[in-house]
Amino acid sequence: MTEINIVIRTADQTRKAEVTLPGSHTGADVIQAAVDNWSLPRDTDYSLVNTRSAQPVQPANSLEKQGVQNGDVLEVQPVLVAGLS
Amino acid sequence: MTDRYLRHNLIDWFDQDLLKTLSALVVGAGAVGNEVIKNLCLLGIGTIRIVDFDTIEVHNLTRSVLFTEADVGKNKALAAAEAAAKLDPYCSIEAISGDFWDKISFAKLQEASIVFCCVDNFEARFRINRMCSLLGVDLINTGIDSRNVLAEIFPFARDPDSACFECNLPPSTYQRVAERYSCGWLQKVSFEARKIPTTAITASFAGAMATSLFLYSFREDSEPGARRLFYDTVTGSASKVNLPMNPACVCCSTQSAPRLLVRAQRVIGQDLPWLKSLPLDVTVTVSDPILVTWEMPNCAVCSSTAPECVLDLASNYNESHTICTKCGLKQRLAVIRDQFSLGELVEKFSGRPLPGKFLCFEGDGTQIVVELQDGGSE
Ligand SMILES: [Zn+2]
């Protein structure tokens with residue numbers, strides 16, 4: 001099984017972790033781990049962004065299938081829904 | 001009037017004449033909508049159409065640049081239009097009090113050069129996105145919280161293969177939307193939407209980023225494709241994300257080209273000439289969930305009686321309507337669907353109005369989209 005070394009961080013960059021993960025892990029696995037380990041608000045949705053390629057990492061697909069490479073920085077961004085009131 | 005734009009004329013890429021020919025539809029005249037409208041007016045756009053069903057509350061005033069204490073209780077679109085007209089008397093401004101889905105026809109949407117989505121919930125975003133992607137009108141979506149800002153452009157007019165708003169949404173979003181409903185897509189009576197705090201700072205950043213995406217989209221060196229700008233107003237960190245089209249997208253997978261848009265009266269069998277030429281087994285998909293019948297499968301008293309035919313928008317009902325009107329006790333089962341065979345519609349519901357904004361079906365390799373209209377209206 002291929003393993004990849006990546007950095008995961010929050011959008012405000014106050015949380016950052018260098019991790020080694022199996023390439024078979026999905027985007028959703030990474031988001032879930034970030035929410036669990038950093039106690040991010042659970043009433044918010046998050047998307048994952050590869051800052052090197054400026055592409056979103058799809059939750060349902062594996063990191064390796066989406067071209068995530070060693071040294072990539074994946075950012076967990078909240079999906080923002082407010083704006084009206 | 002020309003003096004008004006003297007400084008804009010000094011910017012080599014700023015095409016004031018082009019801007020004067022453009023028309024923006026701003027959906028949602030709250031905090032971000034106010035900022036977008038203000039910017040569009042000051043930039044000197046030709047036309048702004050503003051739509052909002054909501055009224056101004058006093059707590060809106062800390063984030064809404066166009067509203068004053070005297071506006072509390074007024075419709076947001078009307079009050080925003082009134083204030084905007086003072087910012088630029090040369091801008092043509094129309095306010096529409098009501099819901100986007102009910103008030104904006106296909107024709108009205110197609111008149112827009114750009115749609116700004118400044119609403120506060122996913123369901124409204126789904127609908128606006130669906131209409132813009134279906135009709136090929138550029139869309140800019142915005143979102144804020146108390147520190148973060150996002151603005152996304154979906155250039156449907158220039159790029160028919162552009163990603164849509166739903167292409168890159170996490171599945172958890174749909175689960176969150178589903179929490180508003182009990183099984184069967186009836187609204188929960190007790191559901192209270194989460195209140196997300198926002199500030200004038202994030203609202204003004206969102207308005208600036210959204211308007212900038214619009215303004216720069218007309219430059220020759222403008223980037224193609226859908227993209228998202230994300231900004232943290234506290235740390236100043238920003239990111240740009242290119243948004244790819246997702247073939248499995250809930251919205252995009254239901255749309256196919258070539259597409260034919262037509263209008264028809266919503267009464268089934270009356271003014272639907274296209275019905276007659278189609279095979280009866282063709283599947284018709286309606287844009288809105290329809291409450292077709294109430295059934296009582298588990299009631300000893302009522303289960304033998306025929307299901308009560310409703311054929312109305314499911315959104316007009318909630319959990320409280322599941323109490324049986326006959327026995328008053330048992331829970332009724334709501335049969336909610338958005339797909340019908342043509343034969344079923346003609347056979348069971350002839351002469352009745354088919355609710356919903358539009359319907360779609362496939363015919364001879366073409367996606368036919370029928371905008372449903374009430375008798376005599378536009
Ligand atoms: Zn899509």
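So that the names make sense, note that chain A is the first sequence line, chain B the second, and so on, each numbered from 1.
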Contact summary for [X] and [Y], nearest pair of heavy atoms:
X         : Y         : answer
Asn168(B) : Gln58(A)  : OD1-NE2, 2.6 Å
Gln55(A)  : Asn242(B) : OE1-O, 3.7 Å
Ile196(B) : Val81(A)  : CD1-CG1, 3.2 Å
Arg125(B) : Ala82(A)  : NH2-O, 3.6 Å
Pro78(A)  : Asn148(B) : CG-ND2, 3.9 Å

For this session: Could you tell me which residues in residues 169-177 of chain B have at least one non-hydrogen atom under 4.5 Å from a non-hydrogen atom of chain A, sorted by residue number?
Result: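 So the qualifying residues are Leu169(B), Pro170(B), Pro171(B), Ser172(B), Thr173(B), Arg176(B).
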For this session: Could you have a look at Leu150(B), Asn34(B), Thr62(B) and say which one has the most heavy-atom pairs with chain A under 4.5 angstrom?
Result: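 Answer, by heavy-atom pair count under 4.5 Å with chain A: Leu150(B).
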Exercise. Within a strict 4.5 Å, meaning less than it, do heavy atoms of the Phe122(B) and Asp45(A) side chains meet?
Worked result: yes
Considering residues, nucleotides and ligands other than [X], do more than 12 of their heavy atoms fall under 6.0 Å from its [atom1]?
X         : atom1 : result
Lys103(B) : NZ    : no
Glu123(B) : CD    : yes
Glu179(B) : CD    : yes
Leu61(B)  : CG    : yes

For this session: Begin with the C-alpha distance, continue with both residues' side-chain angles, and end with the deciding distance and a verdict on side chain to side chain contact (heavy atoms under 4.5 Å, CB included) for Arg228(B) and Val49(A).
Result: CA-CA 11 Å; Arg228(B) 172 195 305 148; Val49(A) 171; 4.1 Å; yes
For this session: Apply the test side chain to side chain contact (heavy atoms under 4.5 Å, CB included) to residues Asp12(A) and Arg147(B): give CA-CA distance (whole Å), side-chain angles for both, the deciding distance (0.1 Å), then the verdict.
Result: CA-CA 9 Å; Asp12(A) 59 13; Arg147(B) 71 180 283 168; 3.3 Å; yes
For this session: Answer with side chain, backbone, both or neither: which region of Pro59(A) has an atom nearer than 4.5 Å to a non-hydrogen atom of chain B?
Result: side chain
For this session: Tell me, for Val241(B) versus chain A, whether the close heavy atoms (under 4.5 Å) come from the side chain, the backbone, both or neither.
Result: both
Exercise. Counting heavy-atom pairs under 4.5 Å to chain B, which of Asn50(A), Thr44(A), Val79(A) comes out on top?
Worked result: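 Ranked by heavy-atom pairs under 4.5 Å with chain B, first place is Thr44(A).
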